[in-house]
Amino acid sequence: MTKKRFLDIAVPAVTGLCVLFVIVAIGAIMINIIVNGWSQISLKFLTSAPEEGMTAGGIFPAIMGTFYRTIIMSLVGVPVGTLTAIFLCEYVSANSPLLRMVRFAVNTLAGIPSIVFGLFGLGFFVQFVGPGMDSIFSAEGQIQWAQPNILWASLTMAVLTLPVVIVSVEESIRTVPHDIREASLALGATRWQTIWRVVVPNSITGILTGAVLAVSRGAGEVAPILFTGAAYFLPNLTHSLSDQFMDLGYHVYIMSTQSPDVDATRGIQYGTTLVLLCLTFTLNAAAIILRYRMRKRVNA
Amino acid sequence: MATPATQPWSGKKKNRPMEFIGERVVAGVAMFSLVFIALIFIFVFREAAGIFLDDPGAKIRQKASSNEYETYGDDAVSTLGVAPVEQRVEQEEESLTVGDLLAPAWFPVSNFPKYGLLPLIWASIKVAIIAILLGAPIAILAAIYTSMFAPGWAKEWLKPGIEMLAGFPSVVIGFFALIVMATIFQNIFGYQYRLNAFVGGAALSLAVIPVIFTISDDSLTAVPKSLIEASLALGASKWETVFFVILPAALPGIFASVLLGVGRAMGETMIVLMATGNSAILTLSPFDSVRTMAATIGAEMAEVVFGDTHYSVLFLIGVILFVFSFSLCFVAEVFVRNRLMKRFRGA
Amino acid sequence: METERHQIVTRNLDFFYGDAKVLHAINMNIEALRVTAFIGPSGCGKTTFLRCLNRMNDLIKGARHAGDIHIDGKNIFDRDVDVVSLRKRVGMVFQKSNPFPKSVFDNVAYGPRVNGVTGSRDVERIVERSLNQAALWDEVKDRLHDSALGLSGGQQQRLCIARTLAVDPEIILMDEPASALDPISTAKIEDLIAELKQKYTIIIVTHNMQQAARVSDYTAFFLLGELIEMDETQKMFTNPSKKTTEDYITGRFG
C-alpha cells in the first residue's frame, strides 16, 4: 500500500520534471541568446553591411537575403502546395491507388533530411536547369544560371516546404463536412464554385497555418542553401535572381565556425542569432495560435 | 386537374469557360508539383550514379554486359566533370570500388583520396543513439505528464510550449551547443576535445524531443476515454492506469514517434556540423570528435568540383540518408501509424 | 398511364452500388404540383431513388444506373444534360439540416449568387421572399447576419428549405426532412409543405406513415429496391391493392 501511494506521487512528479526540464532548456536557450544578443542590436547593426573583414558593422545584407529568399520560396511553395492539396482532395477519388501512392510519397518526403533537398537543388536546378537556361539566354560560353544563386536556393526551399504545405492543407480540407458540400451542389453550384465558396473558406485557418508553418520552417533552414546559393560575404546587395546572397542562418554558422577570429565576433553572432530567432518565432507563434483555434473548432 | 410544367427546359450543357480553364490550371499545377516530387527521387540517385560510371573498371564490366548503361553514363558525366576525373584516375593506382567505400578512412581531399564511408556512417549512428537515449525518455515522459497528469489549464500551455522547441532553427540550437553546452559539458566531464559526439548528440536531442513528444502525446490522448474510465472504475490508481492500460494502447504511436525521431537525428545537418568537431575517426568513445554523413555533405559540397568522384560520393551519401529515412518513414507509416489510426478510427 | 400532367417519368430504372443492385426496374409517374410521399422500411431504396432525381448519386464512387428518368420531357441521364442546371431545377432538402457555417443571409443568398445574381438589391429581395415562403422571415429578420448555426434545429431545417427555394426550383426533393425534429417543428414543416405545393412539385421520403398520410397526395411504397405500389394517398392507406402494402401500413413489419 505504501509503495502504491509512493508511486501515486512519484510518477506525476518524475514525468512533470521532464516537462520542466524541456521548458528550462527552452528558457535557457532563449535567455542566453536574448541577454547576449540584445546589447548588439542597434539601428546600425540592422541597417549596415559587414565592415573590416566581417569583424564589425551590421547584418543588413543577410536580413535582406533571408527576406528575399523566404518571399520567393513562399510565392512558389505555398500556392503550388495549396493547389496540389486541393486537387488531391477534390479531383482525385479517395480510393484511387494513384492518390495513395502520392500521399505516401508526400508523407515520406516530409521526413527526408533537408540536406538531401539541397542535393536535389544542386543536381536539378544548378546542374540541369541552369545549363539549359544558359544555352538559351546567355552569351556563348558564359555561365550565368549554371551556378548557385538566390533563385535556385529559394526554389530548393520551395520544394522542401511543398510536402509540409500539402499535408497540412489536405488535413484541413478533410475537416470540411461532407454534408455542406452536398448542400452546395444540390443548390446548383458547380464543383468549382463549391470548392472556392464552401470548401476553401471553411478550411482557411488550416491552410494559413500550414502556410505559416512551412514558411517559418523554411526561413530558419540552412542546410539546403549551403551549396545552392548562400555566400559568406558579398560586397553588393543581391539584386538579380542569378546573384548569390547572404543569409541570417548561414551567417551565424559561418561566423561561429569559419571566421578567422571566432571570439572577437561573438557579439555579431549573438545579434544575428537573435534576429533570426525573432523572425522564426513570430511566424511560429502565429501558426500555433491559428492551429489551436482550428483544433478547438474541430473538436467543438 | 394540374397544370403541366411551367417553363420549358432544355437542360443542355452550358459552357463555363472560366471554370474549365481554372480546373485545368489547378490540375496542371498539381501535376507539376507531383512531377517535382518524382524528380527528387530521380536526381539525387542520378548524380550519385556517377561514381560507378567514372570508375574505369566498372565501365569495362558494364560495357561487356550492357550498352544502355554506357550511354546513360555519358549523360551523367557532365563535361565539367570529365577532365578532373581523368587526372585523378591517372594518379590513383586503383579505381573506386565497393571495397574502397567500405574502408575505414575518409580523406577526400589529398593526393591519394580515400572515400571510406564507414567512419561517417558510424558517426551518424553514434550521434543518433546518443540523441535518442537522451531525448526519447524525456520526450515520452513529458508526453505522459501533459496527456495524463497535467491539469486542464496547464495542458493548453504546456503542449504549445514544448512544441516551441521545434520552432528553433537548427542553426540556433547548433550555435547554442557550440558556445554554451560544449563548455559546460567539458567542465563537468573533463574530456579532451571540446566538440564531440556527446555534445552533438545532446544538442540533437533538443531537436528530437519535440518530434517524439508531439506524436507520443497525440497517440496517448487518442486512447479512448472509456478504456481509462473502465480501469479507474476497477480501482486502479492513476499511475497503474497509465502504465498498464494507456501506455500499452499507445505503444505503436510512441514507437512510430521514436522512429521518426531517429530519422530526424540521422538527417540533421547544422547541429552536428557545428557541435561535433567534424573529424572522421572511427572510435567507440562518445567523447571523440565525429563527422556524420549529413555534416560531411554540408561541409564539403560547396568546395568540390562538380561531377568528379568526390562530388559523386557526396551524392552517394545523400542516397544513403535518403534510403535510410525513407525506410524509417515507411516502417513508421505503413506498419505502425496505419494500424494505430485504424484502431482509433474503429473506436 | 403517362399523361402531360406527369412531370417526372421513370422507365425501368435500375441502380447499382458497385455490384449490389439496389433499385429494380422502377417505373413511376410523378404529377406536377402535387406532394408525393415515398414510404418503406430502411434500406428499401427510397432515398437512393430520390437522389437519382437530381443525380446526387453521381458523387458516389462505383454507382451506376440503367433505364431513364424524364423530367419535363428530357432524359436527365442524356450525355448533353447539364447536371448543374438540373440540380437548380430539382432542389433538395436533406435529412440532417446542413446550413453553411455562414450568416443566415449568406446561406439563402448562396444559391442566387452561384447562379449569377449579382445585384445586391436583387439578392436581398430573393432572400426576403424565400425566408417568407419558408415561414422563417419573422423569426430571423433581426439576425440575418448572425451565424446560421445559432438557430434551433427546426429553424435550421426551414432555413435549408428557404435556401432551396431561393434558386427557384420546379421540384423539391425532401429526404426525411423532419426526422430529427421535435413535434412542433415537424408540424411547422408539414404546414410549410402544404403551402409550397401551390407552386412546387414536392417529393418527400418519410419513415413516418402518419406524416405521409397527412401531407401527401400520392404515396409510393418501396420494398427491397422495388416499387410495390403507388396510388393516391387516400386509397393507399384505406384500400391498398397489394397485400404487402397493407401489411406494412398496418404495422405488421418494418
CZ of C:Phe77: more than 12 outside heavy atoms within 6.0 angstrom?
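For C:Phe77, atom CZ is crowded (more than 12 foreign heavy atoms under 6.0 Å).
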Give a yes or no on this: more than 12 heavy atoms of other residues, nucleotides or ligands lie within 6.0 Å of atom OH of A:Tyr68.
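For A:Tyr68, atom OH is not crowded (no more than 12 foreign heavy atoms under 6.0 Å).
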Please flag which part of C:Pro169 lies under 4.5 Å from any non-hydrogen atom of chain A: side chain, backbone, both or neither.
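Answer is neither: C:Pro169 stays 4.5 Å or more from chain A.
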Check each atom of C:Val167 against the heavy atoms of chain A and say whether the ones under 4.5 Å are side chain, backbone, both or neither.
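Only the side chain of C:Val167 comes within 4.5 Å of chain A.
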Ignoring hydrogens, what is the shortest heavy-atom contact between A:Gly188 and C:Val84? Give both atom names and the distance.
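It is O-CG1, 3.1 Å.
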Using only distance, no hydrogens or angles, which N or O donor-acceptor pairs sit under 3.5 Å between chain A and chain C?
unit_1	atom_1	unit_2	atom_2	d
A:Asp179	O	C:Asn98	ND2	2.9
A:Asp179	OD2	C:Lys96	NZ	3.3
A:Glu182	OE1	C:Arg51	NH1	3.4
A:Glu182	OE2	C:Arg51	NH1	3.2
A:Glu182	OE2	C:Arg51	NH2	2.7
A:Ser184	OG	C:Tyr110	OH	2.5
A:Gln193	NE2	C:Val114	O	2.7
A:Arg197	O	C:Lys102	NZ	3.2

Restricting to side chain to side chain donor-acceptor pair (under 3.5 Å), what partner residues turn up for A:Ser154, sequence neighbours left out?
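Testing A:Ser154 for side chain to side chain donor-acceptor pair (under 3.5 Å), a comparison that skips the adjacent residues, returns none.
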